[in-house]
Amino acid sequence: MPLVLYNTLTRRKDPFQPLDPSHVGMYVCGPTVYDRAHIGNARPIVIFDVLFRLLQRLYPAVTYVRNITDVDDKINARAQANGEPISALTERTTRLFHEDIGALNALPPTVEPRATAHIGQMIAMIQALIAKGHAYEAEGHVLFSVPSMPEYGRLSNRSRDEMIAGARVEIAPYKRDAADFVLWKPSPGDLPGWDSPWGRGRPGWHIECSAMSREYLGPTFDIHGGGQDLVFPHHENEMAQSCCANGAPFARTWLHNGWLMVEGEKMSKSLGNFFTVRDLLDQAPGEAIRLALMSAHYHQPFDWTAEGLKQARQTLDRLYLALRAVADIAPTEADSVPLEVLAALEDDLNTPLAISHLHEIATKLNKAETIAEKAKWKGALLASGRLLGLLGQEVESWFRWVPAGGAALSDPQVQQMVDDRLAARKAKNFAEADRLRQALSENGVLLEDGPGGTTWRRA
RNA sequence: GGCCGGGUGGCAGAGUGGCUAUGCAGAGGACUGCAAAUCCUUGCACAUCGGUUCGAUUCCGGUCUCGGCCUCCA
């Protein structure tokens with residue numbers, strides 16, 4: 001079954017045909033490192049991680065490029081507010097970003113280029129644009145000339161006139177055309193700046209992705225991804241710059257994930273519904289956060305809710321419980337992902353459908369009677385989970401997760417109480433057994449008596 | 001105003017021109033010292049009005065309604 005992806009450029013689902021079937025290239029817009037990643041940042045990270053895993057399965061080689069934007073006016077402002085050097089802020093934030101998304105089981109990209117390490121490539125690209133008549137210098141700025149590119153607006157499906165009519169910002173006087181946008185801008189001495197043919201300055205927002213995607217993937221590559229909000233202006237401008245500078249088509253397939261809401265409202269600090277990934281990792285295991293983000297189709301708007309996170313955790317409880325029951329059975333064909341799971345993902349990354357198949361596999365595993373069947377369905381569940389970046393941890397470690405504040409009872413304390421209760425049961429002292437069960441339950445520990453003994457888990 | 005995407009059972013959330021989504025929650029049952037887990041059974045849908053069709057939740061059009069974007073927010 002071929003992979004099909006919804007391409008923003010064509011506005012429909014198209015069969016995915018890589019330029020080079022032996023080596024797929026993907027570029028995804030990464031974070032601007034001025035603050036902790038929030039849950040809205042995490043969605044594209046998880047979505048494109050699933051795509052990366054799927055592509056790796058379908059093709060011999062995949063280069064996944066995800067940039068770090070470490071030059072930006074928000075960074076400058078934050079560093080100044082904190083009274084710290086810019087490099088200290090960007091390095092720390094980058095490190096925290098890696099920690100946070102690592103907890104969400106996101107694989108590192110193949111290349112993670114930093115904007116400040118590619119200023120030379122950006123300047124070269126701007127020079128090429130000027131030479132070809134697609135850009136001009138004005139008052140120390142270099143601007144892209146939108147009228148020089150007739151196809152401008154194709155990705156975001158809007159005409160130049162519409163853009164100007166809707167503009168909410170004042171148009172800088174040095175622009176030849178109201179739609180023109182900045183490639184390079186002057187930097188005063190107190191802001192980060194690099195020498196350039198146009199004096200000391202810093203790059204505009206869009207040029208870094210053009211320069212870095214070209215550096216690592218070439219002028220034309222397979223997939224470019226990011227949040228839906230980036231379609232315009234960021235991706236539209238990026239495409240314009242790259243096409244004009246390179247004289248070649250840019251990304252062939254554009255993927256955009258929908259916006260994230262929180263409890264039905266737009267996430268914002270003023271509404272008090274702003275969550276960083278770190279905040280959530282204190283409340284729930286990273287794997288539950290990851291599953292929650294995959295529980296709606298990537299193209300849909302996503303409503304982040306406490307209830308949804310709870311359900312994601314319950315879902316993983318159910319799946320890990322199924323695995324726990326067959327802990328002593330070796331899975332067969334650990335790499336065989338069931339066709340229906342693969343088909344769901346190949347159909348424009350239908351993660352909710354794939355997850356529903358995980359449930360069905362778990363049910364089959366629970367119902368399996370022979371060792372062979374159990375081994376088969378265990379293998380299917382693990383392989384499916386691996387493709388989705390789920391179910392990879394030790395079963396017992398999943399059930400022992402404790403929130404940030406720690407647990408009232410340590411693992412050894414719990415085990416002691418479980419043993420005591422077992423002794424009470426053996427002595428038919430059910431009142432004492434029930435008292436211990438109750439005490440554990442009040443501390444978030446659930447007991448399960450089975451033929452093989454009593455197991456416990458935190459919930 | 002322009003562009004775009006939605007409105008599915010109590011909740012979350014897929015999908016389809018006629019046939020069970022899936023999970024949680026609810027009801028009943030099996031199992032259990034009690035429980036949990038598991039399994040079985042079961043109730044509950046497709047915003048609205050027209051049109052196309054043998055037949056539409058699924059296609060087309062209108063209406064209502066929610067949300068996003070429109071120069072630097074993923």
| query | Could one point to a donor on the side chain of A/R437 or the base of B/C34 with an acceptor on the other under 3.5 Å away? | reply | yes

| Can you find a side chain N or O atom of A/N366 that sits less than 4.0 Å from OP1 or OP2 on B/C39? | yes

| remark: Re B/G61: Watson-Crick or G-U wobble partner, both distances kept under 3.5 Å, found to be B/C49

| remark: Each nucleotide of nucleotides 24-30 of chain B classed B (base within 4.0 Å of a protein heavy atom), S (only sugar-phosphate) or -, in 5' to 3' order, makes B------

| task | Assign A/L260 to base, sugar-phosphate, or nothing according to its heavy-atom contacts below 4.0 angstrom with the strands shown. | result | base

| remark: By nearest-heavy-atom nucleotide on RNA chain B, the more 5' of A/G308 and A/N257 is A/G308

| task | For A/H297, report the nucleic acid contact type (base, sugar-phosphate, nothing); a contact means any heavy atom under 4.0 Å. | result | sugar-phosphate

| request: Look at the side chain of A/D72 against the base of B/C72 and say whether a donor-acceptor pair falls under 3.5 Å; ignore hydrogens and angles. | output: no

| said: Applying salt bridge (Lys or Arg N to Asp or Glu O under 4.0 Å), can you list everything that pairs with A/R154, at least two apart in sequence or on another chain? | reply: none

| said: Under a 3.5 Å threshold, yes or no: a donor from one side chain and an acceptor from the other, between A/Q415 and A/W456? | reply: yes

| Which one is paired to B/C54, where only Watson-Crick or G-U wobble pairs with both distances under 3.5 angstrom count? | B/G18

| request: Using only heavy-atom distances, determine whether the side chains of A/E287 and A/Y320 contain a donor-acceptor pair under 3.5 Å. | output: yes

| said: Quick check for you: among B/C73, B/A36, B/G13, whose closest atom lies nearest to any side-chain atom of A/K74? | reply: B/C73

| field | Closest nucleotide among B/A14, B/A37, B/A74 to the A/P44 side chain | value | B/A74

| Test: A/D72 and A/R202 ion pair at under 4.0 Å | no

| query | If you measure from the C1' atom in B/C31 to the same atom in B/C39, how many Å do you get, rounded? | reply | 9 Å

| said: Does A/L447 reach a base, just sugar-phosphate, or nothing at all? Heavy atoms under 4.0 Å. | reply: base

| query | Of all the choices, B/G5, B/U71, B/A74, which nucleotide is nearest to the side chain of A/A179 once you look at every atom? | reply | B/U71

| Is it the case that A/R324 places NZ or CZ above or below the six-membered ring of A/F399, under 6.0 angstrom from the centre and within 45 degrees of the axis? | yes

| note | pair_partner(B/U42), Watson-Crick or wobble, both distances < 3.5 Å, evaluates to B/G26

| Side chain A/R43 and base B/A74 donor-acceptor under 3.5 Å | no

| task | Among residues two or more places apart or on two chains, list those pairs meeting salt bridge (charged side-chain N to carboxylate O under 4.0 Å, His left out) that have a residue in residues 295-318 of chain A. | result | A/E307-A/K310, A/D317-A/R457

| Over how many whole Å does the gap from A/N350 atom CG to B/G13 atom P extend? | 13 Å

| said: I need the CZ-C1' distance between A/R324 and B/U38, as an integer number of Å. | reply: 14 Å

| query | Under 6.0 Å between the ring centres of A/Y216 and A/H118? | reply | yes

| task | Return the value, rounded to whole Å, for the distance between atom CG of A/D449 and atom P of B/C34. | result | 11 Å

| query | So which nucleotide from B/G15, B/A21, B/C34 ends up closest to the side chain of A/R425? | reply | B/C34

| query | How close or far is atom P of B/G67 from atom CG of A/D303, stated in whole angstroms? | reply | 12 Å

| Pick the nucleotide of RNA chain B nearest each of A/A431 and A/K367; which residue has the one closer to the 5' end? | A/A431

| query | Less than 3.5 Å between a donor and an acceptor, one on the side chain of A/D434 and one on the base of B/G33, is that the case here? | reply | yes

| said: Nearest whole Å is fine: how far is B/U38 P from A/K374 NZ? | reply: 14 Å

| query | Considering every strand shown, what is the Watson-Crick or G-U wobble mate of B/C3 when both distances are under 3.5 Å? | reply | B/G68

| message | Among A/D100, A/D279, A/V277, which residue satisfies the side-chain contact (heavy atoms from CB on, under 4.5 Å) criterion with A/R36? | response | A/D100

| query | May A/F430 be described as stacking on the base of B/G33, applying a 5.5 Å centroid limit and a 30° limit on plane angle? | reply | yes

| Rounded to the Å, how far apart are A/L440 CG and B/A36 P? | 16 Å

| query | Is the shortest side-chain N/O distance from A/K266 to OP1 or OP2 of B/C69 below 4.0 Å? | reply | yes

| Hey, is the side chain of A/R421 pairing donor to acceptor with the base of B/G33 inside 3.5 Å? | yes

| field | Nucleotide nearest A/T363 (side chain, heavy atoms from C-beta), chosen from B/A14, B/G23, B/G68 | value | B/G23

| message | If I take atom CE in residue A/M261 and atom P in nucleotide B/A12, what distance separates them, rounded to the nearest angstrom? | response | 13 Å

| Distance only, no hydrogens: is a donor on one side chain within 3.5 Å (strictly under) of an acceptor on the other, for A/E137 and A/H141? | no

| said: Strictly by Watson-Crick or wobble contacts shorter than 3.5 Å, is anything paired with B/G9, and which nucleotide is it? | reply: none

| request: Calculate the interatomic distance between A/Y152 atom OH and B/C70 atom P; express it in whole Å. | output: 12 Å

| message | Let's test this: given Watson-Crick or G-U wobble pairing with both distances under 3.5 Å, identify the partner of B/A37. | response | none

| field | Distance-only polar pair, side chains of A/N76 and A/Y34, donor-acceptor under 3.5 Å | value | no

